[in-house]
Number of protein chains: 2
Amino acid sequence: MNRTRGSIPPRCCNLAIGEKDETRFIRMMKAAGNPLRFQILKFLVTHPGCITGEIVDHLPIAQATVSQHLKVLREAGWIKGEVDGPAVCYELSTENTTWFRTLVERVF
Amino acid sequence: MNRTRGSIPPRCCNLAIGEKDETRFIRMMKAAGNPLRFQILKFLVTHPGCITGEIVDHLPIAQATVSQHLKVLREAGWIKGEVDGPAVCYELSTENTTWFRTLVERVF
DNA sequence: CTTTTATATCGTAATATTGCGATATGAACC
DNA sequence: GGTTCATATCGCAATATTACGATATAAAAG
């Protein structure tokens, strides 16, 4: 091959992604890129509508830690929680997971 | 709604994902979930075959740091580097990005 | 064989994340 | 009102990540 340094190969394609979309995308990746948070996502895929306590029972970590991870997933847009009396029912955000899937397909 | 605690809703579906695949998937997510590493991925999408130095020139961080990030991306499977004399040409691993895309579609 | 060029690795400081117990909040029930 | 239940937040320790300069490695050129 032996290309000379300084001659960056020309763009093979255009990857139009806005700054906001990019930030949002990276945040979702980062949030999902943690083993325990991924367990939570998996659990919610198969058990939509579960409350925090049920997720806590399903995982080997303390309630406070689960709550923290749920917050990260919420803020990243992966999940949404609906208050139900003293409890909170969680489920994946269809809208955002779809958006994520679409962006993965567009970028890679 | 007011479901009683202890009655976890039944599985709505089966999410068959092996332990190895899951680990690999999480690792790719984590690797891509960093702003600078995502810049590198983006750069390689549009400029396949670039050498490390060209990536360094394109980013506001030191060579040592870029090298470290490239290692993370390599170990996660996102990219592969081909030695070309004293330099290394990097490009996305089509095989692994495809695998990643497929898994995103299967899980979410 | 020495020098140059390109990259990787080492050691380390600064920062961020993770996990926990303790505590606060807030709804439902008595 | 007070009590219970479910969750969130606070404060902090342990750990991990990030970034860098300095140095090592290794190929090519002289």
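Values below: every heavy atom of this structure, side chains too, minus hydrogens, waters and symmetry copies. First the proteins, then the strands, lettered A, B, ... as listed; each starts at 1.
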S.K.: Do the ring planes of H58(A) and F43(A) sit parallel (below 30°), tilted (30 to 60°) or perpendicular (above 60°)?
M.R.: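 Answer is parallel, since the angle falls under 30°.
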
S.K.: Please enumerate all residues that pass side-chain hydrogen bond (donor to acceptor under 3.5 Å, both in side chains) together with S93(A), with sequence neighbours excluded.
M.R.: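 S93(A): side-chain hydrogen bond (donor to acceptor under 3.5 Å, both in side chains) contacts with N96(A).
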
S.K.: Residues in ring pair (Phe, Tyr, Trp, His ring centres under 6.0 Å) with F108(B), at least two apart?
M.R.: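 Scan of F108(B) (ring pair (Phe, Tyr, Trp, His ring centres under 6.0 Å), adjacent residues dropped) gives W78(A).
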
S.K.: Can a side chain N or O of T52(A) be found less than 4.0 Å away from OP1 or OP2 on dA6(D)?
M.R.: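 No, because none of the side-chain N or O atoms of T52(A) sits under 4.0 Å from OP1 or OP2 of dA6(D).
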
S.K.: Tell me, which pairs form a side-chain hydrogen bond (donor to acceptor under 3.5 Å, both in side chains) where one or both residues lie in residues 10-22 of chain B, sequence neighbours left out?
M.R.: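 Counting only pairs at least two positions apart or across chains, the side-chain hydrogen bond (donor to acceptor under 3.5 Å, both in side chains) contacts touching residues 10-22 of chain B are Q39(A)-E22(B), K42(A)-E22(B).
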
S.K.: Quick one: is dA6(C) close enough that its OP1 or OP2 comes under 4.0 Å of any side-chain N or O from Y90(B)?
M.R.: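 The answer is no; no side-chain N or O of Y90(B) sits under 4.0 Å from OP1 or OP2.
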
S.K.: Run the side-chain hydrogen bond (donor to acceptor under 3.5 Å, both in side chains) test against N34(A) and tell me which residues pass, sequence neighbours left out.
M.R.: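 Residues passing side-chain hydrogen bond (donor to acceptor under 3.5 Å, both in side chains) with N34(A): none at all.
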
S.K.: What string of B, S and - do you get for nucleotides 16-27 of chain C, 5' to 3', when a contact is any protein heavy atom under 4.0 Å?
M.R.: -SSBBBB---BS

S.K.: Among residues two or more places apart or on two chains, list those pairs meeting salt bridge (Lys or Arg N to Asp or Glu O under 4.0 Å) that have a residue in residues 43-52 of chain B.
M.R.: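 Non-adjacent pairs meeting salt bridge (Lys or Arg N to Asp or Glu O under 4.0 Å): zero.
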
S.K.: Using five base pairs at each end to define the local axes, how bent is the helix from dC1(C)-dG30(D) to dC30(C)-dG1(D), to the nearest 10°?
M.R.: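 The two end axes of the helix from dC1(C)-dG30(D) to dC30(C)-dG1(D) meet at 10°.
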
S.K.: With sequence neighbours excluded, tell me which residues meet side-chain hydrogen bond (donor to acceptor under 3.5 Å, both in side chains) with R74(A).
M.R.: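 Per chain and number, R74(A) pairs via side-chain hydrogen bond (donor to acceptor under 3.5 Å, both in side chains) with Y90(A).
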
S.K.: According to side-chain hydrogen bond (donor to acceptor under 3.5 Å, both in side chains), who are the partners of H47(B), at least two apart in sequence or on a separate chain?
M.R.: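 Expected list: none.
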
